[in-house]
Amino acid sequence: MQFVSHTPEETLEIGRTIGAKCKSGTVVSLRGSLGAGKTVIAKGVAEALGIKDAIVSPTFTLIQEYQGTKLQLFHMDLYRLSGTDEFEMIGGEEMLYGKAVVLIEWSEKIEEMLPDGTVFITIDIQPNQDRVITVEGMSL
């Protein structure tokens, strides 16, 4: 399924729609270049899960944990990781198979570790700055 987003608010709304469909154990792979809108999608998902905290990209902490009124969320940013060995060292693999919703920015770094059923979201920036958001593995 593809969506075209013209504004950050539209991207946020797409995130809310995705979040509303997440259930316990959902793993979401967020792919796109720097500034594509991965964290905006994450904010929308968090809102749908009932999380009131400010959602920021966890670039320097790698993993942020949030407790929502509906589900727990692990928000990961793997941009600075070199690969699967580092991911295992920080305990990331265990989080992939828990009850929380897991959002992973730069999941390409651990592609082979992603569980079956992972939802893949790819954000492509168009020349006019619109975002084409492709969702695979989830019906919206």
Side-chain angles (χ1 to χ4, degrees):
M1 178 165 287
Q2 275 193 341
F3 301 89
V4 176
S5 172
H6 307 287
T7 66
E9 181 54 43
E10 288 180 3
T11 302
L12 187 66
E13 186 57 37
I14 293 166
R16 289 181 192 120
T17 301
I18 292 164
K21 293 287 194 167
C22 287
K23 55 186 186 244
S24 179
T26 299
V27 175
V28 179
S29 162
L30 295 168
R31 300 181 288 189
S33 61
L34 284 170
K38 296 181 295 295
T39 302
V40 176
I41 293 280
K43 288 177 182 184
V45 170
E47 284 182 20
L49 298 179
I51 295 167
K52 304 292 184 211
D53 298 324
I55 306 297
V56 295
S57 184
T59 301
F60 296 103
T61 56
L62 299 179
I63 302 170
Q64 291 282 46
E65 181 179 348
Y66 303 95
Q67 185 59 54
T69 57
K70 297 177 184 168
L71 290 167
Q72 181 181 30
L73 172 68
F74 290 122
H75 182 199
M76 302 179 182
D77 186 324
L78 306 183
Y79 182 74
R80 300 198 184 285
L81 275 160
S82 63
T84 57
D85 289 342
E86 280 187 284
F87 187 68
E88 288 175 340
M89 286 175 51
I90 64 169
E93 186 174 18
E94 295 168 18
M95 293 177 201
L96 295 178
Y97 297 96
K99 294 181 179 178
V101 172
V102 180
L103 293 175
I104 310 170
E105 297 187 35
W106 303 100
S107 64
E108 302 91 324
K109 305 263 183 156
I110 61 157
E111 189 89 26
E112 62 271 13
M113 295 178 76
L114 295 174
D116 291 342
T118 296
V119 177
F120 291 93
I121 299 172
T122 305
I123 306 169
D124 294 306
I125 303 173
Q126 302 303 294
N128 65 355
Q129 299 304 305
D130 285 351
R131 273 47 175 179
V132 174
I133 302 169
T134 305
V135 179
E136 300 172 86
M138 177 182 275
S139 297
L140 301 176

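Side-chain atoms are counted along with the backbone in the values below, which use heavy atoms only and exclude waters and symmetry mates.
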J.: Rounded at 0.5 Å granularity, tell me how far NE2 in His6 sits from CD in Gln126.
T.: 10.5 Å
J.: Looking at side-chain heavy atoms only, is the closest gap between Ile90 and Leu62 below 4.5 Å?
T.: yes
J.: Nearest 0.5 Å please: distance from the CD1 atom of Ile121 over to the OG atom of Ser29.
T.: 8.0 Å
J.: Is there a donor-acceptor pair under 3.5 Å between the side chain of Thr7 and the backbone N or O of Glu10?
T.: yes
J.: Between Met113 and Glu88, does the side chain to side chain contact (heavy atoms under 4.5 Å, CB included) criterion hold? Intermediate values first, please.
T.: CA-CA 10 Å; Met113 295 178 76; Glu88 288 175 340; 3.7 Å; yes
J.: What I'd like to find out is whether the side chain of Tyr66 reaches to under 4.5 Å of the side chain of Leu49, using heavy atoms alone.
T.: no
J.: Going from CD1 on Ile63 to CE on Met95, what distance comes out if it is rounded to the nearest 0.5 angstrom?
T.: 4.0 Å
J.: Would you indicate whether Asp116, at its atom CG, is surrounded by more than 12 heavy atoms from other residues, nucleotides or ligands within a distance under 6.0 Å?
T.: no
J.: Gln64 versus Asp53: any side-chain heavy-atom pair under 4.5 Å?
T.: no
J.: Can you tell me how far apart CD1 (Ile51) and NZ (Lys70) are? Round to the nearest 0.5 Å.
T.: 10.5 Å
J.: Are the side chains of Met1 and Thr134 in touch, meaning some heavy atoms are under 4.5 Å apart?
T.: no
J.: Between Gly19 and Ala48, what is the shortest heavy-atom contact and its length?
T.: C-CB, 3.5 Å
J.: Would a distance-only check, ignoring hydrogens and angles, find a side-chain to backbone donor-acceptor pair under 3.5 Å from Arg80 to Leu78?
T.: no
J.: Decide yes or no for Gln72 and Lys99: does some side-chain heavy atom of the first lie under 4.5 Å from some side-chain heavy atom of the second?
T.: no
J.: Restricting to non-hydrogen atoms, name the atom on Ser5 and the atom on Ile14 that form the minimum distance, rounded to 0.1 Å.
T.: CB-CD1, 4.2 Å
J.: Looking at Pro8 and Val40, what are the two nearest heavy atoms and their distance?
T.: O-CG1, 3.6 Å
J.: Answer yes or no: is there a side-chain heavy-atom contact under 4.5 Å between Ile133 and Ile41?
T.: yes
J.: According to a 4.5 Å side-chain heavy-atom criterion applied to Ile, Leu, Val, Met, Phe, Trp and Tyr, with indirect links allowed, do Leu81 and Met89 form part of one hydrophobic cluster?
T.: no
J.: Does the side chain of Tyr79 reach to within under 4.5 Å of the side chain of Leu34, using non-hydrogen atoms?
T.: yes
J.: Between Leu30, Leu103, Val135, which is the residue that forms a side chain to side chain contact (heavy atoms under 4.5 Å, CB included) with Ile18?
T.: Val135
J.: Indicate the atoms forming the closest heavy-atom contact of Arg131 with Gln129, along with that distance.
T.: NH1-O, 2.6 Å
J.: Are the side chains of Ile104 and Leu114 in contact, using a 4.5 Å heavy-atom criterion?
T.: yes
J.: Examine Met138 and Leu73 and state if one hydrophobic cluster contains both, with Ile, Leu, Val, Met, Phe, Trp and Tyr joined whenever side-chain heavy atoms are less than 4.5 Å apart.
T.: yes
J.: Ignoring hydrogens and angles, tell me if any N or O in the side chain of Lys109 forms a donor-acceptor pair with the backbone of Ser82 under 3.5 Å.
T.: no
J.: Say whether, by atom type as modelled, one donor and one acceptor occur between the side chain of Arg31 and the main chain of Ser107 under 3.5 angstrom.
T.: no
J.: CD1/Ile110 to CZ/Phe87 distance, rounded to the nearest 0.5 angstrom?
T.: 3.5 Å
J.: How many angstroms lie between NZ in Lys43 and CG in Leu12, if you round to the nearest 0.5 Å?
T.: 8.0 Å
J.: Between Thr26 (side chain only) and Val101 (backbone N and O only), is there a donor and an acceptor less than 3.5 Å apart?
T.: no
J.: Are the side chain of Lys38 and the backbone of Glu105 linked by a donor-acceptor contact shorter than 3.5 Å?
T.: no
J.: Considering non-hydrogen atoms only, spot the tightest contact between Val28 and Cys22 and give its length.
T.: CG2-SG, 4.3 Å
J.: Which pair of heavy atoms, one from Gly32 and one from Glu108, lies closest together, and at what distance?
T.: N-OE2, 4.4 Å
